[in-house]
Amino acid sequence: MSHNVGYCCINLTLQKSDNITTNRDMIQRTFLERGVSYASELALQNSRDLIKILEWNAANNIKVFRVSSGIFPWNAKYELTDLPDYDAIAHNLKIAGDVALRTNQRLSAHPDHFVKLGSEKPTVVDNSIHDLEHHSAVFDLMGLPASHYAPLNIHVGMNFSTDTVNRWLAAYDRLSDNCKKRLVVENDDKSSAFSVRQLYYHLYKAIHIPITFDYFHHQFHDDGWIEKDALITAAFTWDVRPLFHYSESKNLNENVSGNPRAHADYVFSRINDYGMNIDVDLEAKAKELALFKYRSLT
DNA sequence: CATGGTCAAGTGGCA
DNA sequence: TGCCACTTGACCATG
């Protein structure tokens with residue numbers, strides 16, 4: 001029926017013209033040398049630029065945007081309140097959230113792939129929970145809803161097994177209420193990892209967690225479900241408008257050789273929403289430029 | 001100042 | 001046992 005399309009994390013236009021970015025980072029050695037005070041400096045600049053990106057989105061009628069996980073460098077190593085600039089950063093995040101809410105932008109985040117709630121290693125699970133709580137705390141500071149309307153999307157990762165499912169569910173139980181209310185899970189592209197079908201039967205059935213349908217990943221691991229069935233099944237797991245991911249193969253579309261799973265700079269086809277009302281993140285390397293090109297497709 | 005190598009993370013495959 | 005690929009964009013050293 002209809003779909004709103006957005007982009008992810010980086011605005012190439014603003015980055016090029018004014019060095020506006022939310023991804024100022026440092027390597028480990030620099031963190032060890034300069035510590036949380038420098039992390040705080042970078043986070044302050046990143047949070048300030050998040051406001052500018054969201055204002056730019058509003059001016060360009062963009063209603064779906066993924067917030068970068070790179071705003072806080074080395075956030076695994078400290079708490080937000082440890083940062084010397086915490087008050088100013090929290091203020092920036094609140095302003096950013098206000099911009100998003102006022103201009104009707106739907107925001108989400110996608111914590112990195114080293115979040116592994118089902119890991120066999122307790123330290124990995126602890127670090128994963130810390131990472132998710134960090135993201136949820138940022139959304140709290142932004143004033144975003146504690147619901148799947150502002151989702152934190154993760155992969156289960158690893159190989160599918162009932163042991164993995166049980167460990168994952170046990171770790172999920174340890175999350176804060178707001179974090180649980182935002183958490184959603186995405187299908188993987190690896191044949192041994194979690195498909196839409198497996199997420200549905202083993203996680204959704206257990207805890208009613210929504211499933212982020214990734215069109216591209218599904219092509220590599222459909223687990224016997226055609227796209228339409230997988231998408232509609234995933235859509236009905238959501239208690240708000242679903243938010244899905246769309247990308248196309250760089251290899252097949254842009255005349256290069258390499259991993260067919262690599263994302264193309266742009267997308268080339270209309271997204272089939274199968275009559276559902278959905279939001280879609282374009283995962284294309286040309287970011288907002290890919291979104292503009294998509295809008296011009298007929 | 002441009003370029004290209006390096007760096008983070010966890011897992012699984014493979015020697 | 002341990003190394004490499006996987007992925008991706010920013011960092012940072014080199015020239």
Side-chain angles (χ1 to χ4, degrees), chain A residues 7-16 18-36 38-39 41-43 45-47 49-50 53 66-78 109-135 152-161 163-165 167-168 171 185-194 198 214 216-217 220-221 245 247-251 254 256-266 281-290:
Chain A
Y7 70 105
C8 301
C9 305
I10 293 168
N11 185 300
L12 296 175
T13 305
L14 293 175
Q15 186 174 57
K16 186 178 178 186
D18 297 294
N19 194 30
I20 291 171
T21 173
T22 62
N23 293 285
R24 294 175 184 84
D25 200 356
M26 59 183 145
I27 60 173
Q28 186 177 52
R29 190 180 72 236
T30 306
F31 181 63
L32 293 175
E33 287 166 4
R34 305 187 61 177
V36 291
Y38 186 48
E41 259 181 66
L42 296 177
Q45 298 178 64
N46 288 337
S47 61
D49 282 0
L50 179 60
I53 291 173
R66 181 185 303 170
V67 177
S68 171
S69 294
I71 297 174
F72 294 88
W74 294 94
N75 65 73
K77 306 296 185 184
Y78 55 82
H110 194 345
D112 286 315
H113 63 103
F114 47 85
V115 169
K116 291 288 188 297
L117 289 179
S119 174
E120 293 183 65
K121 300 173 189 167
T123 55
V124 173
V125 177
D126 290 347
N127 292 341
S128 299
I129 288 172
H130 184 278
D131 193 285
L132 290 173
E133 294 294 351
H134 164 79
H135 281 83
L152 302 176
N153 174 71
I154 58 172
H155 291 271
V156 176
M158 306 180 292
N159 288 344
F160 172 83
S161 76
D163 285 346
T164 303
V165 170
R167 283 193 301 268
W168 196 97
V185 287
E186 174 178 350
N187 58 306
D188 262 296
D189 63 3
K190 203 175 69 165
S191 62
S192 59
F194 283 63
Q198 287 163 331
D214 186 303
F216 192 43
H217 295 162
F220 297 98
H221 184 26
H245 297 171
S247 56
E248 295 179 25
S249 171
K250 184 176 188 66
N251 193 359
E254 291 173 346
V256 298
S257 61
N259 187 347
R261 289 168 171 77
H263 290 182
D265 293 347
Y266 294 89
D281 282 337
L282 281 192
E283 292 181 328
K285 293 173 77 86
K287 303 296 178 182
E288 84 283 0
L289 305 177

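By convention in this document, chain letters (A, B, ...) are assigned in the order of the sequence lines, proteins followed by strands, and residues within each chain are numbered from 1. This structure is a prediction, so every number in the text was calculated from the model and none was measured.
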What's the closest nucleotide to the [X] side chain, out of [options]?
X        : options               : value
A/Arg261 : C/dT7, C/dA10, B/dA8  : C/dT7
A/Met158 : C/dG9, B/dA9, B/dG12  : B/dG12
A/Asn259 : C/dT7, B/dG12, C/dC12 : C/dT7
A/Phe114 : B/dT11, B/dA9, C/dG9  : B/dA9

How far does the P atom of B/dA9 sit from the matching atom of C/dC12, given to the nearest Å?
-> 15 Å
Using atom P of each nucleotide, how far apart are B/dG13 and C/dT7 to the nearest Å?
-> 15 Å
Could A/Glu283 and A/Arg66 be called an ion pair, given the rule that one side-chain N must be under 4.0 Å from one carboxylate O?
-> yes
Keeping the roles fixed (side chain from A/Asn127, backbone from A/Thr123), state whether a donor-acceptor pair exists under 3.5 Å.
-> yes
Do the side chain of A/Asp25 and the main chain of A/Pro73 share a donor and acceptor less than 3.5 angstrom apart?
-> no
Which comes earlier along DNA chain C counting from the 5' end, the contact point of A/Asp189 or that of A/Arg24, where each point is its nearest nucleotide?
-> A/Asp189
DNA chain C: 5'-proximal contact among A/Thr30 and A/Ile10 (nearest heavy atom) | A/Ile10
Contact list for DNA chain B against residues 118-125 of chain A - heavy-atom distance below 4.0 Å | A/Ser119, A/Lys121, A/Val124
Can you name the closest pair of heavy atoms from A/Val125 and A/Leu117 and give their distance?
-> CG2-O, 3.8 Å
Just how far, in rounded Å, is [atom2] of [N] from [atom1] of [X]?
X        : N      : atom1 : atom2 : result
A/Gln15  : C/dC11 : CD    : P     : 9 Å
A/Ile71  : C/dA10 : CD1   : C1'   : 15 Å
A/Asp25  : B/dA8  : CG    : P     : 10 Å
A/Gln28  : C/dC12 : CD    : C1'   : 15 Å
A/Ile20  : C/dG9  : CD1   : C1'   : 18 Å
A/Asp49  : C/dA10 : CG    : P     : 13 Å
A/His263 : C/dC6  : NE2   : P     : 15 Å
A/Arg29  : C/dA10 : CZ    : P     : 19 Å

Please, what dot-bracket string fits DNA chain C when only Watson-Crick and G-U pairs with both distances under 3.5 Å count, crossing ones use [ ] and pairs to another strand use |?
-> ||||||.||||||||
With a 4.0 Å cut-off on heavy atoms, is A/Asn23 in touch with a base, just the backbone sugar-phosphate, or nothing at all?
-> sugar-phosphate
Tested for side chain to side chain donor-acceptor pair (under 3.5 Å) against A/Asp265, the lone hit among A/Lys250, A/Lys285, A/Lys287 is A/Lys250
How far does CD of A/Gln28 sit from CH2 of A/Trp74, to the nearest 0.5 angstrom?
-> 4.5 Å
Derivation and outcome, side-chain contact (heavy atoms from CB on, under 4.5 Å), residues A/Asp188 and A/Phe220 | CA-CA 9 Å; A/Asp188 262 296; A/Phe220 297 98; over 6 Å; no
Is there side-chain contact between A/Gln15 and A/Asn23, with heavy atoms separated by less than 4.5 Å?
-> no
Ignoring backbone atoms, establish whether A/Lys285 has a side-chain N or O less than 4.0 Å from OP1 or OP2 of C/dG9.
-> yes
What about the rings of A/His263 and A/His245, do their centers lie closer together than 6.0 Å?
-> no
Report yes or no: do A/His130 and A/Asp126 form a side-chain donor-acceptor pair below 3.5 Å?
-> no
